[in-house]
Amino acid sequence: PKPLLLASYLAMEGPRPRRHLAELFWPEARDPMRSLSVALTRLRKGVPGAVAADRRQAACELPCDATAFLDHLDRGEREAALALYRGPFLDGLDLRTWSVELEEWLHAQREFLADRAFGALLDAAEEEAGRGRFGDGADLAEAAARLRWTVPEPHDLERLHTLLVAADRASAERVRRDADGLGLALSADAASARRRLTDGRAAAHARPVAQLPGRDTAFV
């Protein structure tokens, strides 16, 4: 699987110097540059056109659903983006025998992509609930809560709880317990949660902005 991971890495990161790739993927090899060359040859034979490489660098020529997912989100095309997200990045890949740096890169990609999917699902859920479709909003909120490789921030737990309470979902209790563990008390009832979602206050609360106090004197 390492040549396939190499293609995935290049698809996510763009063209990279051959020396960097050799040291990242084969740090313990006697000749890392030769190991890279073998992997690139295997990719060219197995998937013609997958990679382009010269003496200095290598690049992936294949389309990538992960980068397409991010591009859709950046363009505000949330529905198209969420249709591409089907689970953790390279789920099931075992890196126990590979470099720590490569494993850290994989974990960072999983967390980043999952966090973007989580945020997109919560935004979509609040839009549905804001139109009075509380059940649809709760479905999306529960899908966000099920995502792996993401740890909701306290204000995200409040958003989840509001969406679930508004639809009388039993899963709201689990979110409340998670919030309790962080010292955050959540106690909204269905009526107040629905009012909050339909009058726009949930969206205003979604991304809190730090409000600094006014300066009373010139001394700081």
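Fair warning: this is a prediction, and the values are worked out from it, not measured in the lab.
Each of Phe89, Trp105, Trp98 was checked for a ring pair (Phe, Tyr, Trp, His ring centres under 6.0 Å) with Tyr9, and the lone residue meeting it is Trp105.
Ion pair Arg159/Asp123 flagged as a salt bridge, since at least one NZ, NE, NH1 or NH2 atom sits closer than 4.0 Å to an Asp/Glu carboxylate oxygen. Between Arg176 and Asp180 there is a salt bridge, with a side-chain nitrogen of the basic residue lying less than 4.0 Å from a carboxylate oxygen of the acidic one. Salt bridge status for Asp91 with Arg148: present, with a side-chain N to carboxylate O gap under 4.0 Å. A salt bridge does not link Arg194 to Asp199: none of the charged side-chain nitrogens sits closer than 4.0 Å to a carboxylate oxygen. For the pair Glu127 and Arg133, the salt-bridge criterion is not met [side-chain N within less than 4.0 Å of a carboxylate O]. Look at Arg116 and Asp74 and you find a salt bridge, because one of the NZ, NE, NH1 or NH2 atoms lies within 4.0 Å of a carboxylate O, short of that distance.
Residues forming a ring pair (Phe, Tyr, Trp, His ring centres under 6.0 Å) with Phe134 (at least two apart in sequence, or on another chain): none. By the side chain to side chain donor-acceptor pair (under 3.5 Å) test, Ser37 is found to be paired with Arg18, residues two or more places apart in sequence or in another chain being considered. Not a single ring pair (Phe, Tyr, Trp, His ring centres under 6.0 Å) links Trp26 to another residue, sequence neighbours left out.
Taking 4.5 Å as the limit, every side-chain heavy atom of Tyr85 sits out of range of all side-chain heavy atoms of Leu121.
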Mind listing the side-chain donor-acceptor pairs of residues 51-65 below 3.5 Å, one per line with the distance, residues two or more places apart or on another chain?
residue: Asp54; atom: OD1; partner: Arg56; partner atom: N; Å: 2.8
residue: Asp54; atom: OD1; partner: Gln57; partner atom: N; Å: 2.8

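The hydrophobic cluster containing Val100, built from Ile/Leu/Val/Met/Phe/Trp/Tyr side-chain heavy atoms closer than 4.5 Å, comprises no other residue.
Between the Ser99 side chain and the Leu24 main chain, a donor and an acceptor come within less than 3.5 Å of each other. Side chain of Lys2 to main chain of Phe25: a donor-acceptor pair is present (N/O by atom type, distance under 3.5 Å, no hydrogens or angles).
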### Task
Determine, step by step, whether Leu6 and Leu10 satisfy the side chain to side chain contact (heavy atoms under 4.5 Å, CB included) criterion, reporting the C-alpha distance in whole Å, the side-chain angles of both residues, the deciding distance to 0.1 Å, and the verdict.
CA-CA 6 Å; Leu6 173 63; Leu10 291 170; 4.2 Å; yes
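Residue pairs that meet the salt bridge (charged side-chain N to carboxylate O under 4.0 Å, His left out) test with at least one member in residues 22-44, sequence neighbours left out, do not exist here.
Going from atom CZ of Arg110 over to atom CG of Asp115 covers 14.0 Å, rounded to the nearest 0.5 Å. Note that CG of Leu184 is 11.5 Å distant from CD of Glu153, once rounded to the nearest 0.5 Å.
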